[in-house]
Amino acid sequence: MTTVVPAVTTPATTGSVQLLGVSKWYGNVVAVNDITMSLGPGVTGLLGPNGAGKTTVLHMMAGFLAPSRGEVLVSGTPAWRNPSVYSGLGIVVEREAVHGFLTGWEFVHASAKLHRLPDPAAAARRAIELVEMTEAKDRRLDTYSKGMRQRMRVAAALVHDPAVLLLDEPFNGMDPRQRMHMMELLHAMGDSGRTVLFSSHILEEVEQVSGTVQVIVAGRLAASGDYRTIRRLMTHRPHVFTLRSSDDRALAVALMAEPSVAGVDLDPKKGLTVKASDYGTFTRRLPKLALAQRIRVHALVPTDESLESVFSYLVGAP
Amino acid sequence: MPTAQARRFALFNPTVAAITTRALFGRRRFLLLLPLPVLVLGLAFLTKSAGVADRDWVETVVEGLGLVVVLPIIALIVGTGVLGSEIDDGTLAHVLAKPLSRTEIVLSKFAVAVGVTTLTTGVPLALAGLMAGEPRLAVGLLVGSFVGALAYTALFLLLSLLTRRPVLIGLAYVLIWEGLLSSILQGTRVLSIYQYVRTVVDRVADSDLVSSAIGLNVALAMVFIFTVGFTLLAIDRLRSFSVQGETS
């Protein structure tokens with residue numbers, strides 16, 4: 001299957017987003033804690049578990065929220081209380097709120113007119129083409145699937161060809177084909193010199209789209225930089241499994257002799273908790289070991305595969 | 001390649017107004033209220049044909065129902081509908097993420113709300129005035145509805161930006177402040193939009209059928225202060241409007 005992304009042009013000016021010691025709190029609750037980051041041309045992934053503060057960060061970048069402390073600059077100018085920033089900025093918010101009575105065309109065309117583009121119709125046509133929605137453009141937004149609506153919202157956000165594009169969870173509700181096309185589109189936008197930032201709580205999405213990531217955990221910037229470096233940090237952590245068998249104690253003894261096992265915890269009620277330093281070797285050795293000892297393994301569950309534990313590992317990493 | 005043109009200073013944006021109007025007429029809450037003006041006309045016709053004296057039915061139907069209830073309630077639903085409802089459902093974010101001055105956004109929505117309120121209440125009331133055989137009363141009611149729409153709309157637009165429950169607080173103003181307090185306490189009348197409307201209708205109509213409690217100059221000055229003051233405040237609130245995420 002091939003998807004053809006229409007030619008993405010180079011923007012007139014390159015954009016940037018800068019956060020300087022930015023914090024945001026609501027009463028006693030700190031949502032974002034002293035984040036400093038700088039984004040330039042290319043695609044950056046904003047990664048973090050749900051509730052980490054990704055949306056708050058994006059909304060501050062989009063001038064939708066005032067930072068409680070620090071400074072948010074988009075292409076050098078403050079984003080807050082400065083509507084002129086939107087001529088070079090596009091945002092796709094997570095909340096899927098659109099006037100359902102508008103057709104896709106009316107929605108994107110209105111966006112172009114509100115930007116006071118010299119030829120709004122041509123700009124709208126081009127943007128709709130970019131997201132491959134030309135065929136469905138005359139249908140009402142409330143008849144679209146979630147993924148189609150998402151693409152139209154992206155078209156409306158990039159109709160004025162912004163130097164900076166912010167997207168909050170853009171892949172939500174998309175099927176694999178739409179997802180792949182959106183990833184290619186973001187890639188093309190980044191390669192042409194635009195500053196693209198998208199948030200996601202799914203590692204694989206970020207991995208596929210961008211080399212650079214900013215990881216946010218509990219309102220703090222936990223890691224930042226090249227994806228591979230961060231990934232390596234993650235593979236260095238021990239893998240934890242919970243294991244239940246017909247004879248936990250005997251299996252624990254046998255496991256301790258294995259070089260791929262870093263530790264075993266025996267709990268009569270919960271079974272074994274095994275820390276493996278080498279995921280591959282451990283999972284290959286376990287069946288052979290159990291067979292040799294004539295122990296039946298009832299369950300083997302990796303316990304820290306959730307993003308949250310990966311993130312907490314990252315935060316705790318020296 | 002499309003690039004934004006040099007920024008023009010505009011007070012009215014036809015695109016914002018057009019979308020606002022379509023959204024307003026698409027809301028069930030608004031459509032449910034449209035029978036109210038029809039009710040005023042129907043009652044006026046019924047009472048008149050039943051032989052009730054003009055003075056009596058104008059007082060109860062046109063003033064008591066039309067100016068006291070229908071005008072503020074329609075203005076409330078329309079005024080909060082053009083802004084408060086878009087804040088509630090999140091669609092306002094699309095307009096906010098555009099390089100438009102906040103003055104332009106507020107004034108466009110203000111114009112739509114004033115226009116719709118004047119048309120849906122002023123016209124039926126004017127028709128009722130004609131039924132009473134007084135063309136000047138008809139003009140007075142139309143002008144009065146317009147003046148009332150200005151002040152009420154400014155108030156309800158501002159409420160939409162100050163509170164998450166603009167309809168509730170707006171209703172409290174209309175029912176408790178205008179309805180109850182100003183009939184008991186004379187002093188509160190100078191801060192009641194209904195009294196300004198009544199004064200304007202009375203002076204323009206120059207009829208025995210309506211009366212007023214405050215002077216025309218005071219009424220007009222207060223309408224001006226309400227309209228301009230609240231609108232300026234609303235513009236400033238919109239500049240600092242926070243768009244919250246769903247989970248933040």
Side-chain angles (χ1 to χ4, degrees), chain A residues 9-12 24 26 31-32 50-51 53-56 58-59 62-66 80-102 106-107 109-120 122-124 126-127 153 156-157 159-161 168, chain B residues 1-10 12-28 30-31 81-83 85-106 108-109 235-248:
Chain A
T9 49
T10 330
K24 176 74 187 174
Y26 299 91
V32 169
N50 285 323
K54 299 188 297 290
T55 297
T56 307
L58 276 166
H59 279 203
F64 282 179
L65 284 175
W80 181 241
R81 277 179 80 99
N82 179 19
S84 68
V85 87
Y86 299 113
S87 7
L89 173 82
I91 169 129
V92 181
V93 295
E94 186 184 8
R95 186 169 174 186
E96 196 193 328
V98 286
H99 287 302
F101 55 80
L102 295 174
E106 286 173 328
F107 177 58
H109 191 223
S111 184
K113 285 195 282 188
L114 290 175
H115 275 291
R116 299 211 171 91
L117 301 178
D119 187 350
R126 181 190 132 271
R153 297 201 301 138
V159 72
H160 58 306
D161 207 11
D168 200 355
Chain B
M1 192 51 7
T3 48
Q5 282 176 334
R7 208 109 290 112
R8 275 176 285 148
F9 187 74
F12 179 78
N13 188 305
T15 311
V16 173
I19 294 179
T20 302
T21 310
R22 281 181 68 180
L24 186 65
F25 283 93
R27 286 185 207 284
R28 187 170 299 144
F30 175 72
L31 295 177
V82 296
L83 192 57
S85 303
E86 296 202 351
I87 292 172
D88 272 353
D89 65 19
T91 48
L92 187 67
H94 294 292
V95 179
L96 288 181
K98 301 291 184 293
L100 305 172
S101 79
R102 295 339 188 193
T103 311
E104 194 176 338
I105 297 175
V106 169
S108 303
K109 289 183 174 287
I235 292 166
D236 184 66
R237 282 300 85 210
L238 191 65
R239 279 200 192 107
S240 303
F241 184 76
S242 294
V243 182
Q244 305 286 357
E246 267 173 319
T247 51
S248 63

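For clarity, every value in this text was computed on a predicted model and none was experimentally measured.
- Taking A/Arg81 as the reference, B/Asp236, B/Ser240 meet the side-chain hydrogen bond (donor to acceptor under 3.5 Å, both in side chains) condition, with sequence neighbours excluded.
- For the residue pair A/His99 and B/Ala23, the shortest heavy atom distance occurs at CE1-CB, 3.7 Å.
- Looking at B/Ile19, both its backbone and its side chain come within 4.5 Å of chain A, counting heavy atoms on both sides.
- In this structure A/Asp168 satisfies the side-chain hydrogen bond (donor to acceptor under 3.5 Å, both in side chains) test together with A/Thr55, A/Ser199, sequence neighbours excluded.
- For the pair A/Ser84 and B/Pro99, the tightest heavy-atom approach, listed with the atom from each and the gap, is CA-CB, 4.4 Å.
- Between B/Arg22 and A/Leu102, some side-chain heavy-atom pair lies under the 4.5 Å cut-off.
- Put simply, the side chain of B/His94 gets close to the backbone of A/Ala97: a donor and an acceptor are under 3.5 Å apart.
- At least one side-chain heavy atom of A/Ser111 sits less than 4.5 Å from a side-chain heavy atom of B/Lys98.
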Between A/Phe64 and B/Gln244, does the side chain to side chain contact (heavy atoms under 4.5 Å, CB included) criterion hold? Intermediate values first, please. CA-CA 8 Å; A/Phe64 282 179; B/Gln244 305 286 357; over 6 Å; no
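- Atom-to-atom distance recorded for A/Trp80:CH2 and B/Ser242:OG is 4.0 Å, nearest 0.5 angstrom.
- If you measure heavy-atom distances from A/Ile91 to chain B, the contacts under 4.5 Å come from the side chain alone.
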Audit row: B/Leu100, A/Arg116, side chain to side chain contact (heavy atoms under 4.5 Å, CB included) steps and yes/no: CA-CA 9 Å; B/Leu100 305 172; A/Arg116 299 211 171 91; 4.2 Å; yes
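- Proximity to chain B is absent for every atom of A/Ala31, based on heavy atoms less than 4.5 angstrom apart.
- A heavy-atom distance below 4.5 Å is not found between the side chains of B/Val243 and A/Leu65.
- Ranked by heavy-atom pairs under 4.5 Å with chain A, the list B/Leu238, B/Val95, B/Asp89 is led by B/Asp89.
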